[in-house]
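Position 1 is the first residue of the sequence, and the numbers go up from there. Atoms within each ligand, like the ligands themselves, are counted from 1 in listed order.
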Amino acid sequence: MHELIPTREIYWNISGILWMYILLLIAIAISGWKFYRRYKLWKLGQPDTRLDQIGLRMKLVMQNAVAQGRVLKKQYPGIMHLLIYTGFIILFIGTVLIFIQVDITKPLFSLRFLESTFYLIYSLTLDIFGVLAIIGIFMAAYRRLFLRRPNLKNKRDDAIILTTFFIILVQGYVIEGLRIAVTRPPWAGWSPFGLLVADVLTSLGWPDATMRTVHIYMWWSHLVIALAFLVYIPYSKLFHIFTSPLNIFFQSLEPAGALKKMELEELDHFGASEINHFSWKQLLDLDACTICGRCSDVCPATTTQKPLSPMKVILDLKDYLYSRGPELLHGTNSEPASSENEVKMVGGAVLDEELWGCTTCRACQQACPVFIEHIPTIVEMRRHLVLEESRFPTELTTTFKNLENNGNPWGISPEDREKWVEGLEVPRMREAKGEVDYLFWVGCAGAYDTRHQKVSRDMVKILNAAGVNYAILGKEETCNGDPARRAGNEYLFQILVEQNVETLNRYKFKKILTTCPHCFNTLFNEYRQFGGNFDVIHHAVMLNELINDGKIGLKKALSRTVTYHDSCYLGRHNHIYDPPRQVISAIQGITLREMPRHRENGFCCGAGGGRMWMEEKHPKVNHNRIAEAAELNPDVVISACPFCATMLSDAINETQRQENLENLDISALVLEAMDIP
Ligand code: SF4
Ligand code: SF4
């Protein structure tokens, strides 16, 4: 019978067993206490319900914690992490099984489950996964020492974790090797790496007694180091082995593009000026960060050397939570920092310019392997700056005033909202009889921005040609509120929403059609927070439907090489990637070349999150994007968003590429291919 080699002698005697369990209990108690302290800190946060759809949450944990779904999206670090993670889990389970058999089932019930074929497979599995974990550790060390990435800092914590885990693993093989060298069991081949170590040790020519003594000392030092490692876990970034699965489980299942509604009437503070103004989930986020740097790698602000790095924001808030949390817990100083000696959270731990650098593009959240939600945290601090401190970039003063007084960010008279329709046949909702199929939400850019007025006019021509039943609100429309909300002015946002919801609820229509992803996102995902439940369609999707239904014919071939720029609010916020590409592919003669950063990895144009209305220093985000597009030598960069169009066109002009490159909305290509006047 193949049986686990009795390890009773290792304990020396009964007091040895006692000591082992005393040490184990001390380690668990220290770790548990630290864990409890962290839990208490998370509980400082505001309530947030995250216990709906348990089945889906479990599935997400299986996909992204157990199967490491997002971690594996990056090949080298993904494989590296998988090797260390699976090695750690398998060896932990293997060790627990040994203890259960040696100290519980065998002495109490004479039950040995680690025997026969199962024991052989068990030995082989542990042996293999131990070596895989060592390979993972070498990969991690190589990456940190030689593949230096700007957003991956070499920390003492990483050195301690990797070295300690490496020592534990090597000790495990030496212990196994000594045991095999002394006992030479016939099934030793099922521990191939242990057998290899045994052969090396045998070649040293030590007597059995020496090997047995070394074995005992090695076993105890192995145990002490492993327990010390257990105690170190909650003090280190390795704490994420507990917090990451929790964070994945409690992730938001709300629409990706929706920000949380502020209950303005009920709150005694607006936004977050103190760490306990965040929700408990936002505080858990801080402890879940694995410091992998993936968020900052893809952030347009970090990429263009702006002060914002999403990873730094999370880590700075975490430090702030640790320093400020105990005071708040014990009620010794519960007022937000006010004196010059106290570090404030907003404007201290996190600087204003970091917060205003965010375009809310969601690239960070898409990249984060543990589903940390950066945007709500950044916007919550912006809300504090705007609503409580009136501290924001001066350019936004004009934008907010224009939105408040004229219902559009440019401050143009609401009376001029219908000027773009001159010379076209465009039905108005106020004149429509009965229900219309589509309420064409033109948006501020579509109504006022000369560049995007063309898109509105092109869409009208396409809709008329396709015989679509639609109408516009015209002068009754006002800004959907997206720039105000993303810039932290929730109060102004809610005024605009209430006005629009009231207008929209007056009319009967099946769907709202928009040409702007920001209008689409806000109307579809956020208006329902205010009683506006609307079905909304973006024009790229509608064009695709019209083509597929044969309502519009694309007769003319266009000999053009194009690339498509994914709008963040169409793509990452609303997962619309295929329809615009299908429209482009439906046009004869067009060659589509994809930029390296496309679909969910698309790079922002720099305009979202209210950034459209703020000054930007060089190097600019839109210049970075257009340089990437130009690498492909296309004639056209196609977009499906007025903000993207502005940023891309500006970048083309500012980088003197207008001779060879132009920006067009997707509707312009469709209209050209339809070959109608
Ligand atoms: S949302 Fe975009 S701009 Fe903002 S922190 Fe994340 S990646 Fe950076
Ligand atoms: S926030 Fe997420 S992506 Fe960024 S460093 Fe932390 S774990 Fe990595």
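Closest protein heavy atom to atom 3 (S) of ligand 1: T359 N, 3.3 Å. At the shortest separation from atom 8 (Fe) of ligand 1 among protein heavy atoms lies C299 SG, 2.3 Å. Protein heavy atom closest to atom 4 (Fe) of ligand 1, with residue, atom name and distance, is C358 SG, 2.3 Å. For atom 6 (Fe) of ligand 1, the nearest protein heavy atom (residue, atom name, distance) is C364 SG, 2.3 Å.
To the nearest 0.5 Å, atoms CE (M80) and CE (M139) are separated by 7.5 Å.
Contacts of I375 with ligand 1, taken as heavy-atom pairs under 4.0 Å, involve the side chain alone. Contacts with ligand 1 closer than 4.0 Å are made by backbone heavy atoms (N, CA, C, O) of R362 only, the side chain lying farther away.
Formation of a donor-acceptor pair under 3.5 Å by the D566 side chain with backbone atoms of R599 is found in this model. In this structure, the side chain of E616 engages the main chain of V621 through a donor-acceptor pair within 3.5 Å.
Near T360, the atoms of ligand 1 lying under 4.0 angstrom from a non-hydrogen atom of the residue are 1 (S), 4 (Fe). Close approach to P369 involves these atoms of ligand 2, each under 4.0 Å from a residue heavy atom: 3 (S). Under a 4.0 Å criterion applied to the non-hydrogen atoms of L308, ligand 1 contributes the atoms 5 (S).
Remark: F400 engages F392 in a ring pair (Phe, Tyr, Trp, His ring centres under 6.0 Å) (not counting sequence neighbours).
For residues 55-66, every residue pair satisfying the side chain to side chain donor-acceptor pair (under 3.5 Å) rule, not counting sequence neighbours, is listed here: D52-R57. Counting only residues at least two apart or in different chains, ring-ring contact (aromatic ring centres under 6.0 Å, His included) contacts with residues 356-383 are absent.
For the pair R143/Y76, a side-chain contact is recorded, criterion being any heavy-atom separation below 4.5 Å from C-beta on.
Across all their heavy atoms, G45 and L283 have their closest contact at N-CD1, 3.5 Å. Nearest heavy-atom pair, R294 versus P369, reported as atom, atom and distance to 0.1 Å: CD-CD, 4.1 Å.
When each of R486, K261, K260 is paired with E526, the salt bridge (charged side-chain N to carboxylate O under 4.0 Å, His left out) condition holds for R486 and for no other.
Aromatic ring pairs are classed by plane angle as parallel below 30°, tilted from 30° to 60° and perpendicular above 60°; the pair Y85 and H81 is parallel.
Heavy-atom proximity to atom 2 (Fe) of ligand 1, evaluated over C604, G608, C361, S296, is greatest for C361.
A heavy-atom separation below 4.0 Å is not found between V298 and ligand 1. Assignment of A301 to the shell around ligand 1 is not supported, since no heavy atom sits closer than 4.0 Å. Look at H374 and you'll find a heavy atom under 4.0 Å from some atom of ligand 2.
Between the side chains of Y569 and N525, not a single donor N or O lies within less than 3.5 Å of an accepting N or O.
Distances shorter than 2.8 Å separate atom 6 (Fe) of ligand 2 from the protein N/O/S atoms C289 SG.
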